[in-house]
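Below, all heavy atoms of this structure are taken into account, side chains as well, without hydrogens, waters or symmetry copies. Residues take their numbers from the sequence shown, with the count starting at 1. For ligands, and for the atoms within them, numbers begin at 1 and follow the listed sequence.
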Amino acid sequence: MIKSNGFKKVNTAIFISGKGSNLKNLIKFSFSNKSPIKINFIISNKKNAKGLNYSKKFNIYSKVYNFLDKSKTEDKILKDLRKRKIKLICLAGFMKILSKNFIKKFRYKIINIHPSLLPKYKGLNTHKRVIENKEKFSGCTVHIVNSKLDSGKIILQKKIRVKKEDNYKTLERKILKQEHILYPRAIRKIFNL
Ligand code: GRF
């Protein structure tokens, strides 16, 4: 659990690589008085990530890091996080795996959203695999990030039924909608709200 210091919202960084629908959703959430977080840093490993447009739109500082030398890059990121007094990291479609060292050195929480019912379907192409395996249920999970991929302690999970007529595109759409409800709830939960 993270303690929010009185009424002051906790400085939060969102890490993205793609379209950033979760980022947009978290920014909107952060404006509400139900939110314990303030988003003041957006980090991307891709300079053309569509989600970066929300940096301009909502006037939130963003920075792109190339991960050619992962350990150097992570050191830079840690320095920048410290400078901005970031106390929570939310991964939202961030496609790089953070090192053990980074996770250890960032003394606060790192959380992630994953589009499956973890521990099932860790990794990529979850919806495709769910459809191929004719699963009856799928969903999404918000969890604490540890050094193993998609394996940290689960904060919250939402289960949905996979219908016969679903394909991986319709499933992705349905689950993304649920992600946008689940992520803010999970954040409130880690602040004990
Ligand atoms: C989401 O499905 C998230 O669960 C996964 O990557 C996708 C990111 O979507 N980790 P977006 O960029 O937030 O729209």
What is the nearest protein non-hydrogen atom to [atom], stated with its residue, atom name and distance?
| atom | value |
| --- | --- |
| atom 1 (C) of ligand 1 | E179 OE1, 3.1 Å |
| atom 10 (N) of ligand 1 | I113 O, 3.1 Å |
| atom 8 (C) of ligand 1 | G93 CA, 3.6 Å |
| atom 11 (P) of ligand 1 | S21 N, 3.4 Å |
| atom 5 (C) of ligand 1 | P115 CD, 3.9 Å |

Subject >> side-chain contact (heavy atoms from CB on, under 4.5 Å), paired with S62, selected from I42, L23, I14, I43 >> reply: I42
**OP:** Without swapping roles, check the side chain of D150 against the backbone of L118 for a donor-acceptor pair under 3.5 Å.
**Re:**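 Here the side-chain-to-backbone pair does not exist.
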Original post:
Are K122 and S151 close enough that a side-chain donor and a side-chain acceptor fall under 3.5 Å?
Top reply: yes
Subject >> S21 versus H180, side-chain donor and acceptor atoms under 3.5 Å >> reply: yes
Subject >> Best match, G20, G18, S116: closest heavy atom to atom 12 (O) of ligand 1 >> reply: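 Among G20, G18, S116, the closest heavy atom to atom 12 (O) of ligand 1 comes from G20.
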**OP:** Fit a plane to each ring of F15 and F102, take the angle between them on a 0 to 90° scale, and name the class: parallel (under 30°), tilted (30 to 60°) or perpendicular (over 60°).
**Re:** perpendicular
